[in-house]
Amino acid sequence: MARHLITSAIPYINGIKHLGNLVGSQLPADLYARYLRARGHEVMFLCATDEHGTPAELAAAKAGKPVDEFCAEMWGVQAKIADGFRLSFDHFGRSSSEQNKKLTQHFAAQLDKQGLIREVSETQMYSHADGRYLPDRYIEGTCPNCGFEDARGDQCDNCTKQLDPVELINPRSTISGSTDLEMRETKHLYLRQSEMKDQLDRWIDSKTDWPILTTSIAKKWLHDGDGLQDRGITRDLDWGVPVMKGDAPWPGMEGKVFYVWFDAPIEYIACAQEWVDAGKGTDWERWWRTDKGADDVRYTQFMGKDNVPFHTLSFPTTILGSGEPWKLVDYIKSFNYLNYDGGQFSTSRGRGVFMDQALEILPSDYWRWWLLSHAPESADSEFTWENFQVSVNKDLADVLGNFASRVTKFCRSKYSEAVPAGGAYGAREEQLMSDLAAKLAEYEAHMEAIEVRKSATALRAAWALGNEYLQEVAPWTTFKTDPDQAAAQIRLALNLIRLYAIISSPFIPDASAELLDAMKSDDDAWPTDIKAALAAMPEGHEFAVPEVTFRKITDAERTEWQERFAGTRD
RNA sequence: GGCGCGGUAGCUCAGUUGGUUAGAGCGAUCGACUCAUAAUCGAUAGGUCGGGAGUUCAAGUCUCCCCCACGCCA
């Protein structure tokens, strides 16, 4: 048994995420965590909300609430939705936690000690009305190049020339519209990632088994143009981790906070501390400190492609550069984007299905199955209602759900609601078991390699084996001449339901639990020995006929949802 | 403009280090079955593997050019 640390990219606090966000990190991470637990491994699965930065401040202001209150509220909302999707985090933390604040300040001090922090003096625009500095996109004005009046601080959308905010003519705040602005000299800390370039390069080179998407993005940032650039890790904001050198003040940095991208990944570690402080565990260091027991931990991160640079370069710089024995990631599984019906999901325009809405219209298993079996692994993939309806109806209702239905109902009508006695297994049953063992081995191999789509394909094929067997031995026909033989066939089929429930649980945990419950079995051990697993429910074992495990999505529903989610969020 | 992931049957996708007649699921057509959520099982038909050139005894699979879509960047 191995020990696995798994983290999902932490969703930003600002609003409810859409299905594309879900399938890009949290959902596949949950699949992997559930699978590993089912196989008996020790798993620590962590996620949190990413709460700092300007967007949170603005959203709070819009909601008319103090930012900390707003974040606490939104954390509750996200936690509830995550629970609705059965995301099995061992802890769902917050990047604004006290633990993360301390740890972020600690890392900054360590990096400074290692000579990896430098101070840079810059000129920025300060807004008196807003009482704050205005980062690039929070300032607009007339383009000095083409005269376009709505040029943004970082770039003119009209002539595409890149700009410095201080160059804008008649600059104004996009927050308040105020023109009472002033250029101010301000100091910031930069993380000297460029110093780590060669080390990071060798590290990435050694990861030959990582997804191409992961390594190609990392390589691009390492080698593009002048190579890896140093990155500013402080901001002139109120909402964030105050810039401190450990417990000590950082001269010249008063009133500043760390940039959200510096403290967010550190929350992966702080989250484990929160897990302990919440009374869920006793020792977080054995997961994160290689000098304190984390040597045998395998650490896997899940994320969408937009997060790859931070996880392959910035965060490793923090970890490696600290000079301390922190656990470094072993495998990064990255995902492309999920598109919605011919375009992108759009949070601002309310285009596509958001997590809360998805749960309103269908149980989480429907979404989990479709999203995972269509995960954007090799390229961007697309959600369409037609595809969703057809896939879910066919795979879940017809192939799996109906199998449980036809077997249990046949048994109830011809025998009783208990595993029937009589007959014996022959060559066809041996064949089924060996086919199943082979398919299961294939499924396990894909799961261990985190090949999500291929895992789903193998699982579905395992379900189909049951229908193929039934169709061939036709117990409804056998029953007329040899009830004992039919009993043996049904006995095997009933046991298949239990087995399917167990191996399907990483994908569809609720339905799996329902089926296992209907089979009145509390033995959910992974079937390492097919023959033994298919004998777990002996003759006479009682069961219940399950309710319709998966109902079908109707054409009317499909049409209705298609219209409902096409444009503006209600 | 630069860069990146892709462009394989109607749809969603597999195709290992180049090697016999290019695969799967869905959909379509036909057939079988009737236990079951009009479910299941089988069979068949569908592709000059984006286009062109090249390397090779042999290319979807390598090289070059071009086209298309999506994304990232300054």
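Every chain is numbered from 1, with letters handed out A, B, ... down the list of sequences.
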In whole angstrom, give the distance that lies between atom [atom1] of [X] and atom [atom2] of [N].
X: A:Asn336; N: B:rA69; atom1: CG; atom2: C1'; result: 13 Å
X: A:Phe388; N: B:rC26; atom1: CZ; atom2: P; result: 18 Å
X: A:Asn467; N: B:rA32; atom1: CG; atom2: C1'; result: 15 Å
X: A:Lys305; N: B:rC72; atom1: NZ; atom2: C1'; result: 8 Å
X: A:Asp555; N: B:rG27; atom1: CG; atom2: P; result: 13 Å
X: A:His374; N: B:rU12; atom1: NE2; atom2: P; result: 10 Å
X: A:Glu547; N: B:rA36; atom1: CD; atom2: P; result: 16 Å

With A:Glu377 as partner, the option from A:Lys305, A:Lys333, A:Lys454 fulfilling salt bridge (charged side-chain N to carboxylate O under 4.0 Å, His left out) is A:Lys333
Please work out whether the ring planes of A:Phe258 and A:Phe262 are parallel, tilted or perpendicular, with thresholds of 30° and 60°. tilted
Can you label the angle between the A:Phe335 ring and the A:Phe302 ring as parallel, tilted or perpendicular, going by 30° and 60°? parallel
Both conditions, 6.0 Å and 45 degrees, for the charged tip of A:Lys439 above the ring of A:Tyr443: are they met here? no
Shortest side-chain distance from [X], nucleotide among [options]:
X: A:Arg453; options: B:rU12, B:rC33, B:rU34; result: B:rU12
X: A:Arg406; options: B:rU40, B:rG42, B:rC5; result: B:rU40
X: A:Gln471; options: B:rA39, B:rU40, B:rU34; result: B:rU40
X: A:Lys454; options: B:rU12, B:rA14, B:rU34; result: B:rA14
X: A:Ser405; options: B:rU37, B:rU34, B:rU40; result: B:rU37
X: A:Asn387; options: B:rU37, B:rC26, B:rC11; result: B:rC11

Tell me what [X] touches on the nucleic acid: a base, only sugar-phosphate, or nothing, going by heavy atoms under 4.0 Å.
X: A:Val548; result: base
X: A:Phe550; result: base
X: A:Thr549; result: base

Expected output: side-chain A:His541 to main-chain A:Met519 donor-acceptor under 3.5 Å: yes
Measure from the side-chain N and O atoms of A:Arg558 to the backbone N and O of A:Phe388, and report whether any donor-acceptor pair falls under 3.5 Å. no
Sub-6.0 Å ring centroid separation between [X] and [Y]:
X: A:Phe383; Y: A:His18; answer: no
X: A:Phe565; Y: A:Tyr340; answer: no
X: A:Phe479; Y: A:Tyr415; answer: yes

Given the structure, check if the side chain of A:Asn402 and the base of B:rA36 hold any donor-acceptor pair shorter than 3.5 Å. yes
Quick check: do A:Tyr268 and A:Gln301 have side-chain heavy atoms less than 4.5 Å from each other? yes
Flag the pair A:Arg551 and A:Glu557 as a salt bridge only when some basic side-chain nitrogen lies within less than 4.0 angstrom of an acidic carboxylate oxygen. yes
What would the secondary structure line of RNA chain B be in dot-bracket form, counting Watson-Crick and G-U wobble pairs under 3.5 Å, with [ ] for pairs that cross earlier ones and | for pairs with another strand? ((((.((..((((.....[...)))).(((((.......))))).....(((((..]....))))))).)))).
Shortest non-hydrogen contact from A:Ile490 to A:Pro475? CD1-CG, 4.0 Å
Return the residues of residues 409-416 of chain A meeting this criterion: a heavy atom under 4.0 Å from some atom of RNA chain B. Order them by number, or give none. A:Lys409, A:Phe410
Please tabulate, one pair per line, each protein N/O and nucleotide N/O from nucleotides 23-25 of chain B that are separated by under 3.5 Å, including the distance.
residue, atom, partner, partner atom, Å
B:rG25, O3', A:Arg460, NH2, 3.0

